[in-house]
There are 2 protein chains.
Amino acid sequence: MIPRRKNRVPAPPDACPLTACMAIIGGAWTPNIIWYLSQAPRRFSELKYDLQGISAKVLAERLKRLEQDGIVLRASVATSPPTVEYRLSPLGLELKPAIEAIVSVGERLKQMKVNSGVAV
Amino acid sequence: MIPRRKNRVPAPPDACPLTACMAIIGGAWTPNIIWYLSQAPRRFSELKYDLQGISAKVLAERLKRLEQDGIVLRASVATSPPTVEYRLSPLGLELKPAIEAIVSVGERLKQMKVNSGVAV
DNA sequence: CTGTATCCTTGGCGATACTG
DNA sequence: CAGTATCGCCAAGGATACAG
């Protein structure tokens, strides 16, 4: 069977480098995952708890993808209850400013909505 | 009538302010739209040209949504060939740092891939 | 605990055709 | 030129069950 091309994102020409980064933080949960990991290393179940509502499937998918992209590091401690700890790689840490910029804008957006009387 | 919000994002609890901003720049094209508008005001067809591959429908949708969110301003000049110009609002300009942070990370990411010999 | 496999729904997006 | 309307595809994500 011919592997179906995943060219879902219409790939605006690389004129705009946004695309490269958005391909990484573009998912619905990915930015939050990165944000939580930027605060402190976390285990799978901790992340799953923090990101309330995410399914194990998606979380595993995202983490695997982020690991492949070199954004997060996966350290499995093969103790009696096997635990795995995720944390940002040096490359992943470079995303921090961007994430924080987004967070800060998000806060301002919230402020504005409050000030303009829009229900939040 | 309360305008119905399309909750495209599964909405992790507002514990993380990322969500508020990602709801705005989360689409496949939205960040690029904002980026182009942050360079200079543009007309509909210009945007459509810049964002090669975007459909008129989606572009119109995004622009309308961004306008409702107060991110872009729409100025229609009712001349003989009616033209409409879009530009970032003051609020929209606040997104610039975030967008630029993403762009700059995107560039570094590209650099890394080049340096590590990964085909781009 | 840390995932993987399967099924299903949602909605973002493209394509096309049409309007002021 | 600047959109709107309608259709249909398909990847992302949720739910559930299962595995190491």
Side-chain angles (χ1 to χ4, degrees), chain A residues 1-13 19 22-33 37 41-68 72-87, chain B residues 4-13 19 22-33 36-37 41-68 72-87:
Chain A
M1 169 174 171
I2 297 172
R4 220 169 246 297
R5 279 194 50 99
K6 298 186 37 161
N7 127 32
R8 199 183 69 76
V9 162
T19 313
M22 288 307 288
I24 291 177
I25 64 173
W29 294 99
T30 322
N32 285 327
I33 294 176
L37 288 182
R42 274 176 167 79
R43 306 214 323 259
F44 186 88
S45 53
E46 288 173 333
L47 274 173
K48 192 163 181 329
Y49 174 79
D50 292 331
L51 304 156
Q52 288 205 345
I54 195 174
S55 61
K57 179 192 137 194
V58 172
L59 180 54
E61 272 177 12
R62 295 290 135 216
L63 285 173
K64 189 178 293 182
R65 178 130 201 284
L66 288 170
E67 191 192 353
Q68 285 169 1
V72 310
L73 299 176
R74 180 182 182 276
S76 62
V77 183
T79 50
S80 56
T83 61
V84 181
E85 195 175 76
Y86 293 93
R87 61 195 182 85
Chain B
R4 198 153 174 35
R5 271 317 237 157
K6 298 203 339 176
N7 68 332
R8 300 168 291 133
V9 165
T19 312
M22 289 308 288
I24 291 177
I25 64 172
W29 293 100
T30 321
N32 286 327
I33 294 177
Y36 279 116
L37 288 182
R42 274 174 167 80
R43 306 213 324 259
F44 187 89
S45 52
E46 289 173 333
L47 274 173
K48 191 164 180 330
Y49 174 79
D50 291 332
L51 304 156
Q52 287 205 346
I54 194 174
S55 61
K57 180 193 138 194
V58 172
L59 180 54
E61 271 177 12
R62 296 290 133 213
L63 285 172
K64 189 177 293 182
R65 182 133 198 275
L66 288 170
E67 191 191 355
Q68 285 170 1
V72 311
L73 299 175
R74 179 182 183 276
S76 62
V77 184
T79 50
S80 58
T83 59
V84 181
E85 194 176 77
Y86 293 93
R87 62 196 183 85

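Just so it is clear, the values below take in all heavy atoms, side chains as well, and ignore hydrogens, waters and symmetry mates. Convention: sequence-line order gives letters A, B, ...; per-chain numbering from 1.
- For C:dT4, the OP1/OP2 oxygens have a side-chain nitrogen or oxygen of A:K64 closer than 4.0 Å.
- One interatomic measurement links the two molecules: CZ of B:R65 to C1' of D:dG3, which rounds to 19 Å at whole-angstrom precision.
- Distance, B:I54 CD1 to C:dT16 P: 16 Å, rounded to whole Å.
- The shortest side-chain heavy-atom distance between A:F44 and A:L63 falls under the 4.5 Å cut-off.
- A pairwise comparison of heavy atoms in B:M22 and A:P31 identifies CE-CG, 3.8 Å as the closest pair.
- Proximity of A:S45 to the phosphate of C:dT2: a side-chain N or O atom is located under 4.0 Å from OP1 or OP2.
- Among the nucleotides D:dG14, C:dA15, D:dG3, the one closest to the side chain of A:K57 is D:dG14.
- In this structure, the separation between CD on B:E85 and CD on B:E46 is 7.5 Å, given to the nearest 0.5 Å.
- Closest of all the heavy-atom pairs between A:Q52 and A:W29 is O-CH2, 3.7 Å.
- The distance from atom CD of A:E61 to atom P of C:dT6 is 13 Å, rounded to the nearest whole Å.
- The interatomic distance linking B:Q52 (CD) with C:dA15 (P) rounds to 13 Å, in whole Å.
- With a 4.5 Å cut-off on side-chain heavy atoms, A:L47 and A:I54 do not count as touching.
- Considering only heavy atoms from C-beta on, A:I24 comes within 4.5 Å of A:L66 through its side chain.
- As a whole-Å value, the separation of B:Y49 OH from D:dC1 P is 14 Å.
- With hydrogens and angles ignored, the 3.5 Å screen pairs a side-chain donor or acceptor of B:R42 with a backbone N or O of B:Y36.
- At whole-Å resolution of the value, CG in B:L51 and C1' in C:dG14 are 14 Å apart.
- We find that CZ of B:R42 is positioned 16 Å from P of D:dC1, with the value rounded to whole Å.
- Taking atom CZ on A:R74 and atom P on C:dC1, their separation rounds to 15 Å, with Å as the unit.
- At D:dA12, none of the side-chain N or O atoms of A:W29 fall inside 4.0 Å of OP1 or OP2 (strictly under the cut-off).
- Here the nucleotide nearest the side chain of B:T83, chosen from D:dT4, C:dT2, D:dA2, is D:dA2.
- If one axis is set at each end of the helix from C:dC1-D:dG20 to C:dG20-D:dC1 from five pairs, those axes are 50° apart, to 10°.
- The side chain of B:P82 lies closest to C:dG20 when the candidates are C:dG20, C:dG3, C:dC13.
- Phosphate contact (OP1/OP2 of D:dC1, side-chain N/O of B:Y86, threshold under 4.0 Å): absent.
- Listed nucleotides C:dG3, D:dG3, C:dG14 differ in distance to B:V58; the shortest reach to its side chain belongs to C:dG14.
- Taken from OG1 in B:T30 to CD in B:E61, the straight-line distance is 10.0 Å, to the nearest 0.5 Å.
- When the side-chain nitrogen and oxygen atoms of B:R62 are compared with OP1 and OP2 of C:dC13, one or more of them lie within a distance under 4.0 Å.
- Across all strands shown, B:K48 has no heavy atoms under 4.0 Å from either base or sugar-phosphate atoms.
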